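Note that the coordinates shown come from a computational prediction; the quantities given were computed from them, not determined experimentally. All heavy atoms count here, side chains included; hydrogens, waters and symmetry mates do not.
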Amino acid sequence: RLIASLEKAGFVRRLSAGQFSVGPEPLRLSQLYQASFRLRDVILPLLESITEESGETSSFYVYENGSRVVLFRVEPKRAVRVSVLEGARFPLHAGASGKVLRAFSRQGDATLAQERERCWACSFGERDPETTAVSVPVFAMGGELKGALTLSGPSDRLLKEHIPHAASILLRNAAIATSALGGSQTELRVALEKLNA
């Protein structure tokens with residue numbers, strides 16, 4: 001009876017061999033969820049710009065139920081790239097975006113004082129041994145953390161010496177996003193000046 005109800009609502013669909021698969025309703029709900037944030041119009045053009053400038057994958061992560069979730073992402077045209085799917089869920093304890101979401105959450109993570117101070121985080125093979133990532137926060141009105149703007153690439157291409165430049169690209173775009181969402185970009189601009197000094 002439960003399966004029949006889920007099938008009728010579009011959450012599952014029956015395959016010809018009698019098995020079940022995910023139906024179209026979760027995709028529709030995902031699109032409504034993304035639209036409800038009203039972030040797509042602000043974040044997506046910035047992700048496209050970041051990927052164009054860097055040649056690497058750019059993503060926007062949000063905190064949800066103890067995990068970090070890829071809300072939006074743009075991949076480069078190169079054959080070798082970091083590929084993540086929108087809607088993918090990852091643990092908060094690993095990865096640059098997890099650090100940013102923890103460091104700038106309301107509770108704040110005291111172990112991430114350096115990341116909070118400089119306003120960006122990086123990771124080297126924490127979630128995937130062959131991936132390097134850099135991430136910065138995006139704020140809305142009242143300093144509310146909206147998510148983490150992230151750049152990720154293969155570790156043999158996104159080297160440690162490239163991290164400051166990647167962080168600079170992200171901070172510049174996070175300031176634009178924060179301003180568009182009604183937040184103060186001062187903290188991000190100060191971090192960018194320090195990085196470029």
Side-chain angles (χ1 to χ4, degrees), residues 1-3 5-13 20-44 46-47 50 57-75 82-116 119-152 170 173-174 177-178 180-184 187-188:
R1 208 170 54 188
L2 181 58
I3 289 289
S5 296
L6 289 171
E7 186 178 13
K8 184 177 178 183
F11 286 95
V12 297
R13 63 186 178 99
F20 288 92
S21 170
V22 176
E25 187 62 12
L27 179 60
R28 187 185 75 80
L29 290 176
S30 168
Q31 291 167 341
L32 287 173
Y33 180 70
Q34 289 177 349
S36 73
F37 270 80
R38 301 185 66 185
L39 285 172
R40 180 178 286 277
D41 292 341
V42 172
I43 299 297
L44 205 52
L46 295 175
L47 292 178
I50 291 166
T57 300
S58 60
S59 311
F60 187 75
Y61 287 82
V62 294
Y63 173 84
E64 183 183 280
N65 297 328
S67 299
R68 56 188 170 109
V69 177
V70 183
L71 193 59
F72 309 113
R73 65 102 175 86
V74 172
E75 293 180 354
V82 172
S83 185
V84 292
L85 298 174
E86 288 183 357
R89 185 178 296 272
F90 299 107
L92 275 177
H93 70 269
S97 59
K99 290 176 186 177
V100 164
L101 293 173
R102 286 174 20 234
F104 291 91
S105 68
R106 285 198 177 120
Q107 304 88 325
D109 186 329
T111 65
L112 298 169
Q114 180 185 14
E115 285 78 1
R116 190 168 177 97
C119 223
W120 58 274
C122 58
S123 61
F124 303 94
E126 290 180 16
R127 183 187 65 81
D128 176 337
E130 297 177 1
T131 301
T132 295
V134 186
S135 190
V136 302
V138 171
F139 303 105
M141 289 177 68
E144 176 196 359
L145 177 66
K146 291 304 283 185
L149 206 53
T150 305
L151 184 65
S152 53
L170 289 170
N173 283 281
T178 293
L181 294 170
S184 170
E187 189 176 357
L188 297 163

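Checked against side chain to side chain donor-acceptor pair (under 3.5 Å), S67 has no partners two or more places apart in sequence or in another chain. By the side-chain contact (heavy atoms from CB on, under 4.5 Å) test, E144 is found to be paired with A140, K146, residues two or more places apart in sequence or in another chain being considered. For L6, the side-chain contact (heavy atoms from CB on, under 4.5 Å) test picks out L2, F11, V12, with sequence neighbours left out. For S21, the side-chain contact (heavy atoms from CB on, under 4.5 Å) partners at least two apart in sequence or on another chain are R13, L15. Partners of A180 by side-chain contact (heavy atoms from CB on, under 4.5 Å), not counting sequence neighbours, listed by chain and number: V42.
Of all heavy-atom pairs spanning G182 and M141, the tightest one is O-CG, 3.2 Å. When every heavy atom of L149 is checked against every heavy atom of F60, the shortest pair comes out as CD1-CD1, 3.9 Å. For the pair C122 and F124, the tightest heavy-atom approach, listed with the atom from each and the gap, is SG-CE1, 3.7 Å. Shortest non-hydrogen contact noted between L188 and P137 is CD2-O, 3.6 Å. Here the closest heavy-atom approach between residue A133 and residue T150 is recorded as CB-CG2, 4.3 Å. Of all the heavy atoms in S105 and L145, the pair that sits closest is N-CD2, 4.1 Å.
Atom CG of residue L71 and atom CZ of residue R40 lie 7.5 Å apart, to the nearest 0.5 angstrom.
Judged purely by atom type and a 3.5 angstrom limit, R68 uses its side chain to pair as donor or acceptor with the backbone of P91. S58 contributes a side-chain N or O that, together with a main-chain N or O of L47, makes up a donor-acceptor pair within less than 3.5 Å. Although no hydrogens or angles enter the test, the distance criterion places a donor-acceptor pair under 3.5 Å between the side chain of T178 and the main chain of F139.
S97 and S135 share no side-chain donor-acceptor pair at under 3.5 Å.
Taking the six-membered ring where tryptophan is involved, the planes of F90 and Y61 are tilted, since the angle between them lies from 30° to 60°.
Applying the salt bridge (Lys or Arg N to Asp or Glu O under 4.0 Å) test to pairs two or more places apart or on separate chains, those with a residue in residues 89-102 are E64-R89, K99-E126, R102-D109.
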Between I50 and L151, does a side-chain contact (heavy atoms from CB on, under 4.5 Å) hold up when you go through it step by step?
CA-CA 8 Å; I50 291 166; L151 184 65; 3.7 Å; yes
Given the rule in the side-chain contact (heavy atoms from CB on, under 4.5 Å) test, do L181 and L39 qualify, once you have shown the distances and angles that lead to the verdict?
CA-CA 8 Å; L181 294 170; L39 285 172; 3.5 Å; yes
